[in-house]
Amino acid sequence: MMSQHPLKEFYNETFVMAQRQLDEVAKAMNLDAGVHERLRWPRKSLLVSVPIKLDNGVVKVFTGYRVQHDQTLGPSKGGIRFHHDVQLGEVAALAMWMTWKCSLLNLPYGGAKGGVCCFPEEMSESELERLARRYTTEILSMIGPEKDIPAPDMYTNEKIMAWIMDTYSNFIGYAVPGVVTGKPVAVGGTLGRTEATGRGVARCVELALDRLKLATDTPTVAIQGFGNVGSITAKYLHQKGLKVVAVTDVHGGLYDKGGIDIPRLMAYVREHGSVEGYPLGETFDAQEWLALDVDVLVPAALANVITAENAHLVKAKIVAEGANGPITPDADKILEEKGIFVIPGILANAGGVVVSYFEWVQDIQHLFWTEEEVVSKLYHLMDKAFVDVYDRSVALKVSPRMAAMMIGVGRVAEAKLLRGLYP
Ligand code: NAD
């Protein structure tokens with residue numbers, strides 16, 4: 001019988017889902033009960049009030065979180081998101097997925113995540129700067145290059161990472177670029193970081209297509225979300241000759257049967273902030289993106305979007321999780337029964353943390369690599385992880401998600417058993 005946490009704030013839909021995935025994999029691999037129990041809860045969670053003065057002079061308090069799920073294999077690593085849905089349970093779930101993701105990719109990290117509950121799109125740049133700096137100050141005791149290293153996530157970007165690095169460095173008394181990844185290159189960022197997650201998603205789709213041998217030369221793709229992950233995935237799939245026929249964002253959906261000119265759409269979105277109003281193709285109800293008759297679906301926006309209620313509508317043969325947790329466990333079962341190949345997020349969207357790891361290594365060594373080196377090392381790790389997952393899923397006749405979790409959880413569990421339980 002698994003334990004319940006006394007803090008009811010953990011029990012949101014996403015955390016329950018992450019725990020359920022762990023419970024299922026623990027059962028399948030006969031995981032040590034003590035290790036399983038320890039992995040079901042985050043190691044450390046911090047909730048902070050983040051007061052800032054808005055541009056109109058009014059003082060407003062935002063709620064921020066930093067959750068470290070595990071640090072068995074090294075410091076914890078995970079992004080910071082600014083979003084109105086941020087809450088403790090969701091941050092904890094994302095931190096747990098980061099643990100499995102880092103372990104699956106064989107990175108010397110545990111998982112963490114952070115966030116501030118706010119409406120970033122309604123805030124000015126100076127308000128966002130004050131928010132980022134004050135949030136950093138409030139979580140300062142938890143972060144550091146040897147302890148816990150944040151990175152960008154939804155509605156945070158390299159500019160915000162530079163403010164976090166600057167705030168932390170001011171407290172420490174000298175420049176500490178290794179405290180955060182996803183920074184601009186000019187302050188110790190790495191070449192290739194901005195595009196890393198989308199590149200990794202596109203690479204996994206390519207590798208899956210190679211194995212599944214679909215009866216088409218130009219597979220079609222629909223993508224939910226056209227931010228960092230969605231747009232870069234689209235860019236590289238388009239470059240590889242796939243036909244991206246639909247993309248959506250928070251404002252609406254764009255469909256073009258003949259294939260969207262992705263570089264042109266990216267230029268439009270850079271200028272207008274959304275796919276809305278793009279002059280080519282047609283608009284469609286963004287809610288219906290998952291039911292489109294395409295070969296590949298890439299959810300690259302939110303969690304819990306493919307559910308037991310709509311999973312039966314999916315016609316695609318491959319779903320690559322660009323976002324974290326877009327498929328609920330019940331929906332996962334439906335997709336599996338339909339024979340759909342789901343590339344789990346801990347593999348598909350791991351490119352970001354892989355190149356974040358490279359950035360941290362370069363910062364610590366004060367020795368920087370060329371973009372070619374970064375990209376070739378990224379593909380090396382992604383390809384190895386994909387093959388490990390695929391081969392294990394075939395050998396054990398389990399889903400790619402189960403295979404990926406078995407590898408990710410297995411490495412952490414082995415290290416936990418070897419290190420033992422203190423005291
Ligand atoms: P982003 O802020 O750059 O983009 C988010 C996109 O989602 C935007 O286009 C937004 O309009 C769209 N969106 C928001 N709500 C939507 C809705 N209801 N319907 C359709 N579209 C909607 O964020 P991102 O960095 O691209 O992250 C997207 C997802 O990928 C998140 O789940 C994040 O955790 C995950 N992820 C990001 C990275 C990374 O390196 N950026 C790495 C791993 C995983």
Side-chain angles (χ1 to χ4, degrees), residues 14 18 77-86 90-91 93-98 100-102 104-105 111-115 119-121 128 150-161 180-183 189-190 192-201 204 222-235 246-254 265-266 268-270 272-276 278 284-290 297-306 320-327 343-357 359 378 382:
T14 315
K77 185 95 194 73
I80 288 171
R81 65 171 54 175
F82 286 178
H83 194 258
H84 59 270
D85 270 345
V86 167
E90 186 192 54
V91 177
L94 292 161
M96 192 187 285
W97 284 324
M98 281 304 294
W100 316 143
K101 190 184 297 182
C102 293
L104 172 63
L105 272 292
K113 207 77 180 188
F119 285 87
E121 285 180 310
L128 287 172
D153 194 76
M154 278 180 84
Y155 295 99
T156 56
N157 52 30
E158 60 170 36
K159 196 180 268 182
I160 293 177
M161 298 307 116
V180 74
T181 59
K183 302 176 293 297
T190 182
R193 172 62 183 89
T194 318
E195 295 207 323
T197 307
R199 264 193 209 267
V201 177
C204 286
I223 301 180
Q224 184 192 44
F226 204 69
N228 176 292
V229 180
S231 67
I232 303 298
T233 302
K235 173 180 160 178
V247 301
T248 71
D249 71 10
V250 70
H251 301 289
L254 170 71
L265 178 62
M266 286 175 78
Y268 178 87
V269 172
R270 264 195 299 278
H272 298 90
S274 166
V275 302
E276 198 181 29
Y278 183 67
F284 78 104
D285 181 352
Q287 305 295 331
E288 286 167 17
W289 74 285
L290 60 82
L297 278 187
V298 183
L302 309 169
N304 300 320
V305 289
I306 303 182
E321 291 187 325
N324 288 307
I327 304 174
I343 313 172
I346 61 168
L347 172 63
N349 68 36
V353 71
V354 168
V355 176
S356 272
Y357 164 61
E359 180 175 335
L378 166 68
M382 292 295 299

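All values derive from a computational prediction rather than experimental measurement. As the structure lists them, so they are numbered: ligands from 1, and atoms in each ligand from 1.
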Quick one: does K113 get an N or O within less than 3.5 Å of an N or O on ligand 1? no
F226 heavy atoms within 4.0 Å reach ligand 1 at atoms 9 (O)
Taking only heavy atoms of A323 into account, list the atoms of ligand 1 that are under 4.0 Å away from them. 29 (C), 30 (O), 32 (O), 35 (C)
Check: N157 side chain, I160 main-chain N or O, donor-acceptor pair, under 3.5 Å: yes
Protein heavy atom at shortest distance from atom 7 (O) of ligand 1: A301 CB, 3.4 Å
Is there a side-chain contact between R81 and E90 in this structure, where contact means two heavy atoms from C-beta onward sitting under 4.5 Å apart? yes
Between E195 and K235 (salt bridge meaning N to carboxylate O under 4.0 Å), is one present in this structure? yes
Out of all atoms in ligand 1, which are within 4.0 Å of some heavy atom of R81? Include the element for each. 31 (C), 32 (O), 33 (C), 34 (O)
Can you tell me the protein heavy atom closest to atom 8 (C) of ligand 1 and the distance? G227 N, 3.8 Å
Residue, atom and distance of the protein heavy atom nearest atom 37 (C) of ligand 1 read V229 CG2, 3.4 Å
What do you reckon, does N228 have a nitrogen or oxygen under 3.5 Å from a nitrogen or oxygen of ligand 1? yes
For N349, is at least one N or O under 3.5 Å away from an N or O on ligand 1? no
Ranked by distance from atom 19 (N) of ligand 1, the top protein heavy atom is Q224 NE2, 3.8 Å
Given T197, T233, L302, which one has a non-hydrogen atom that is nearest to atom 40 (O) of ligand 1? T197
Examine distances only and state if a side-chain atom of T156 and a backbone atom of I80 form a donor-acceptor pair shorter than 3.5 Å. yes
Shortest protein contact, atom 2 (O) of ligand 1 (heavy atom only): Y155 N, 3.2 Å
Closest protein heavy atom to atom 21 (N) of ligand 1, given as residue, atom name and distance to 0.1 Å: D249 C, 3.2 Å
Heavy-atom closest contact (A323 atom, A301 atom, distance): CB-N, 3.6 Å
